[in-house]
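Down below is the structure, laid out as structure tokens.
Predicted model, so just to flag it, every value in this text is computed and none were measured.
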Amino acid sequence: MTASLEALAAHRREISEIASTLRAMLSPDQLQIRSIAQVAKRLLCDLCGRVATHLIEEDEDLYPSLLAHGDIRIQHMAWGFQVGDRPLRRQFEAYDQRWLKDCDFEFTEQFLDDTVELLDAIEMRLKREQQVMIPQLEDSGIFSATV
């Protein structure tokens with residue numbers, strides 16, 4: 001397995017920090033300030049790139065190893081995450097196609113609503129990783145590091 005628990009945790013922290021920062025910036029009052037709007041736009045595009053990379057790395061590096069693991073509980077956990085990720089992936093892809101074409105978007109009310117919904121879904125997924133996946137991986141001995 002090429003992914004490490006430390007790398008998984010680092011990606012999760014980076015994504016979480018960016019999402020938290022964005023939440024504070026995504027109010028109409030804040031976005032009226034041009035410099036804040038520009039930073040928010042860059043952060044949002046960066047966030048989406050990092051989420052896409054995180055999900056791809058899990059698909060390519062983490063899940064195949066977990067699904068082939070000898071412990072049936074680890075296999076079920078990995079399968080549950082893959083199945084549970086489908087709605088997030090569909091939401092993420094739809095959001096990306098609708099709003100982030102070349103990261104050229106306007107901060108409309110609908111855009112902000114969709115962005116908050118996406119941030120909620122991302123944060124819920126990250127919380128699930130922290131509360132379910134990481135403890136099970138640590139307990140199984142697959143990864144020995146504590147995050």
Side-chain angles (χ1 to χ4, degrees), residues 1-69 73-138 142-143 145-147:
M1 186 178 323
T2 58
S4 70
L5 191 55
E6 292 87 5
L8 183 67
H11 291 159
R12 195 183 65 255
R13 275 190 304 272
E14 291 168 357
I15 291 167
S16 185
E17 287 171 5
I18 293 169
S20 177
T21 301
L22 270 168
R23 276 196 190 278
M25 300 171 105
L26 291 180
S27 73
D29 291 339
Q30 290 289 324
L31 293 171
Q32 287 180 352
I33 302 168
R34 182 175 164 85
S35 60
I36 292 175
Q38 289 173 332
V39 170
K41 189 176 270 195
R42 277 184 292 221
L43 282 175
L44 186 56
C45 294
D46 182 44
L47 174 72
C48 289
R50 287 175 189 262
V51 169
T53 299
H54 184 71
L55 294 174
I56 288 168
E57 286 177 355
E58 286 182 341
D59 283 346
E60 293 176 356
D61 294 337
L62 184 64
Y63 293 141
S65 298
L66 297 179
L67 291 169
H69 194 271
R73 293 171 299 173
I74 297 298
Q75 293 174 6
H76 284 292
M77 184 266 306
W79 182 81
F81 267 84
Q82 279 189 316
V83 170
D85 285 351
R86 288 181 187 149
L88 172 61
R89 289 171 191 268
R90 283 192 296 271
Q91 180 183 9
F92 182 76
E93 288 170 11
Y95 179 88
D96 188 49
Q97 289 175 0
R98 180 172 184 190
W99 297 113
L100 297 185
K101 296 176 186 93
D102 300 320
C103 274
D104 185 24
F105 54 87
E106 299 296 321
F107 290 106
T108 64
E109 185 176 335
Q110 184 62 53
F111 173 82
L112 293 175
D113 290 345
D114 288 354
T115 301
V116 168
E117 285 179 26
L118 182 66
L119 291 174
D120 290 345
I122 290 168
E123 288 174 346
M124 192 165 66
R125 170 56 168 74
L126 295 175
K127 186 176 183 180
R128 206 168 132 231
E129 268 185 27
Q130 179 65 36
Q131 294 176 346
V132 176
M133 181 187 291
I134 301 229
Q136 283 191 10
L137 294 177
E138 287 177 329
I142 292 173
F143 294 120
T146 302
V147 290

Chi angles and distances behind the salt bridge (Lys or Arg N to Asp or Glu O under 4.0 Å) call for Arg50, Asp46: CA-CA 6 Å; Arg50 287 175 189 262; Asp46 182 44; 2.9 Å; yes
For side chain to side chain contact (heavy atoms under 4.5 Å, CB included), just list the numbers for Ile134 and Glu138, CA-CA rounded to whole Å, side-chain angles, deciding distance to a tenth of an Å, and then say yes or no. CA-CA 6 Å; Ile134 301 229; Glu138 287 177 329; 4.0 Å; yes
I would like to know whether Arg125 and Glu129 meet salt bridge (Lys or Arg N to Asp or Glu O under 4.0 Å); could you show each step before the answer? CA-CA 6 Å; Arg125 170 56 168 74; Glu129 268 185 27; 2.2 Å; yes
Working for side chain to side chain contact (heavy atoms under 4.5 Å, CB included), residues Arg90 and Arg86: CA-CA 6 Å; Arg90 283 192 296 271; Arg86 288 181 187 149; 3.7 Å; yes
Going through the checks in order, is the salt bridge (Lys or Arg N to Asp or Glu O under 4.0 Å) test met by Asp96 and Arg89? CA-CA 10 Å; Asp96 188 49; Arg89 289 171 191 268; over 6 Å; no
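Judged by distance alone, with hydrogens and angles left aside, the side-chain atoms of Thr21 form a donor-acceptor pair with the main-chain N or O of Glu17 at under 3.5 Å. The main-chain N or O of Phe107 is never found under 3.5 Å from a side-chain atom of Lys41 such that the two would form a donor-acceptor pair. Of the possible donor and acceptor atoms, one in the side chain of Thr115 sits under 3.5 Å from a partner among the backbone N and O of Phe111. With Glu57 contributing its side chain and Leu62 its backbone, the two residues share no donor-acceptor pair below 3.5 Å.
The two residues Ala40 and Leu31 make their nearest non-hydrogen contact at CB-CD2, 4.0 Å. The two atoms that bring Ala121 and Gln91 nearest to each other are CB-OE1, 3.2 Å, heavy atoms only.
Not less than 6.0 angstrom separates the ring centroid of Trp99 from the ring centroid of Phe105.
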